[in-house]
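This report concerns only the one structure given below.
Throughout, a chain's letter reflects where its sequence line sits, starting with A, and its residues are numbered from 1. Because only heavy atoms are used, hydrogens play no part in the values below, and waters and symmetry mates are left out as well, while side chains stay in.
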2 protein chains.
Amino acid sequence: MKRSLAKTTMNPLKPSAQPLYQQVKEHLVHRVLTGEWLPGHILPSETRLAAEYELSQGTVRKAIEEMASEGLVTRRAGKGTFVTSHNGDYQPFRFHRLYSDSGEKVASDRVTLLHTRVTAADKRICAALDLAPGAEGSEIFRLRRLHDRPALVETIFLPASLCPEAATLLEQRNPGSVYLFLEQQYNLLITRVLEQVRARLPSATEASYLEIDQNTPVLEVERTAFSLGGIAVEWRIIVGVTESMHYRNEVS
Amino acid sequence: MKRSLAKTTMNPLKPSAQPLYQQVKEHLVHRVLTGEWLPGHILPSETRLAAEYELSQGTVRKAIEEMASEGLVTRRAGKGTFVTSHNGDYQPFRFHRLYSDSGEKVASDRVTLLHTRVTAADKRICAALDLAPGAEGSEIFRLRRLHDRPALVETIFLPASLCPEAATLLEQRNPGSVYLFLEQQYNLLITRVLEQVRARLPSATEASYLEIDQNTPVLEVERTAFSLGGIAVEWRIIVGVTESMHYRNEVS
DNA sequence: CAGTGGTCTAGACCACATC
DNA sequence: ATGTGGTCTAGACCACTGA
């Protein structure tokens, strides 16, 4: 009964071949994307949403459960459903795949900001971030240490169209996590990264920063990071010494 | 009512703090592991399982849905629920993360078996596969080509305790997919792999097989593969030319 | 205490497979 | 025609949270 009601009343769900819970999920994702509920904030309860969409609680629940399994929202029994945030209880370094051979994550302690600049994106970056040729952006160079030895150098590019003034702001604050900065400053939540790993020899400057011989192979990780909604936000090159460090990955 | 019934009757579920659907899931996983239903075979319907466990269909459904989301079983509307198999509709190369820079997967066409031998596992392998020191096994060396150029050399170790006669059988058949072979020959379904990626210089023999200079950096992927139940089954080293090839990974 | 998500039940109708 | 999984409903009780 309710089913036909839901299809004929003035709620935002259109009649379609898609299951209702999928339509609800898409609509809720859209509402999160457009900032109706900001990261860290609470969503209406299942009961309220069910009333709003004129569906049963179980149908709304299935929509929210899928969003939770994708990490978009976090559910806490007795409290409510929250938009996930790199701030809150969500792990900030979940995208880092570099580990020392003894098993520790190469984390953000001992990160040094080398310098920043505003520059035009080269062809490679334009292709990765889907930018118009010659688009401008901020470039940040950083150095990370592990056990008091230089471990990796990072080059980060953020397009000016999405992240204005990023270079200056980052220089002022030097945050440990760029993704936390992106969320707080521009309301951009990184949910997915694509990485391409290669072996090569370091450039002269890379070798000097990493304090290695220029004939020592290094690991190059080229990363493109995407925000909610699938927009490419950040491009990054990580060059790492691979003597006592590796890139770790689990596939299931 | 049924709830207390389920806890007091002679079904395999023990009273515990765990949700019933979790207990059902664990028991079903155990039944798959012990070979009650083999890869490719059909499970009893939700209705039957619900009757067997004296629970509602919805509870059993939730258990099966979790198994399906983990890839252990595959559900087909109108037909039934099947134990997933590398044979069936399941993708055989889902663990391969090496791509040519033009985007194609470095697949199993053009795979050459170089040689095989029976040998004792070295310390590194024993640690990875959790074997007793000096345990024996089969070692297989293979070469893959891409665009008529040597692309990567593989060293594969399979412990004799789990995979007896693997060297001779592989030499006879030279299958494209080792994991399909493991499933068909030993009923071992690989569900998870752990990979560690490093950059290094090739050995003299690797360089000659790959037809590269010994000063050209190569990508080394060290992989441990686990079967259903979490037993480490295979250890593998993949050494790849990284000129026109990369290791690709997506994290979300 | 009332409200939240977490679990569980028992029904319903549907599209699809098989015979 | 029958049986399967896929969707949807409308209730129930629980444990946890916070005022």
Checklist outcome for this item: Dot-bracket assigned to DNA chain D with the 3.5 Å Watson-Crick/G-U criterion, [ ] for crossing and | for other-strand pairs, is |.||||||||||||||||.
Take the protein atom [atom1] of [X] and the nucleotide atom [atom2] of [N], then report the distance between them rounded to whole Å.
X: Gln22(A); N: dC8(D); atom1: CD; atom2: C1'; answer: 14 Å
X: Gln57(B); N: dA12(C); atom1: CD; atom2: C1'; answer: 11 Å
X: Leu20(A); N: dA10(D); atom1: CG; atom2: P; answer: 12 Å
X: Leu49(A); N: dG3(C); atom1: CG; atom2: P; answer: 16 Å
X: Ile42(B); N: dT18(C); atom1: CD1; atom2: P; answer: 10 Å
X: Glu65(A); N: dG5(C); atom1: CD; atom2: P; answer: 11 Å
X: Leu43(A); N: dG5(C); atom1: CG; atom2: P; answer: 9 Å
X: Leu55(B); N: dT7(C); atom1: CG; atom2: P; answer: 14 Å

Item to check | Thr81(A) and Trp37(A), any side-chain heavy atoms less than 4.5 Å apart | outcome: no
Checklist entry - Do the non-hydrogen side-chain atoms of Glu154(B) and Arg223(B) ever get within less than 4.5 Å of each other? => result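 Answer no - side chains too far apart.
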Next on the checklist: At less than 3.5 Å, do the side-chain atoms of Arg61(A) and the base atoms of dG5(C) form a donor-acceptor pair?
Outcome noted: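 Between dG5(C) and Arg61(A), which were checked side chain against base, a qualifying N/O pair under 3.5 Å is absent.
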Next on the checklist: Using every non-hydrogen atom in the two residues, find where Leu152(B) and Ile238(B) come nearest and quote the distance to one decimal.
Outcome noted: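 For Leu152(B) and Ile238(B), the tightest heavy-atom pair comes out as CD1-CG2, 3.9 Å.
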Looking at [N], I'd like to know if its phosphate oxygens (OP1 or OP2) sit under 4.0 Å from a side-chain N or O belonging to [X].
X: Tyr21(A); N: dT7(D); result: yes
X: Thr59(B); N: dC8(C); result: no
X: Lys62(A); N: dT7(D); result: yes
X: Lys79(A); N: dG18(D); result: yes
X: Ser56(A); N: dA10(D); result: no
X: Thr81(B); N: dG5(D); result: yes

Item to check | Nearest-neighbour nucleotide for the Arg75(B) side chain, dG5(C), dT9(C), dG6(D) considered | outcome: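 Of dG5(C), dT9(C), dG6(D), dG6(D) is nearest to the side chain of Arg75(B).
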Item to check | Candidate nucleotides dT4(C), dT4(D), dC8(D), ranked by approach to the side chain of Pro19(A) - the nearest | outcome: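 Minimum distance to the Pro19(A) side chain belongs to dC8(D).
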Checklist entry - Pick the nucleotide of DNA chain D nearest each of Ala77(A) and Gly58(A); which residue has the one closer to the 5' end? => result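 Nearest nucleotide further toward 5': that of Gly58(A).
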Checklist entry - Parallel, tilted or perpendicular: which describes the rings of Tyr99(A) and His246(A), with under 30° parallel and over 60° perpendicular? => result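 Aromatic pair Tyr99(A)/His246(A) classed parallel.
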Next on the checklist: How about CD on Glu165(A), more than 12 heavy atoms from neighbouring residues, nucleotides or ligands closer than 6.0 Å, or not?
Outcome noted: no
Checklist entry - What does Glu46(B) touch in the nucleic acid at a heavy-atom separation under 4.0 angstrom: a base, only the sugar-phosphate, or nothing? => result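 Touches sugar-phosphate only.
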Next on the checklist: Quiz question: by atom type and distance under 3.5 Å, do the side chains of Gln23(A) and Tyr53(A) form a donor-acceptor pair?
Outcome noted: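 Gln23(A) vs Tyr53(A): no donor-acceptor pair found between side chains.
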Checklist entry - Is a side-chain donor-acceptor pair under 3.5 Å present for Arg173(B) with Gln185(B)? => result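 Judged by distance alone, the side chains do pair up.
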Checklist entry - CG/Leu55(A) to CZ/Arg61(A) distance, rounded to the nearest 0.5 angstrom? => result 14.5 Å
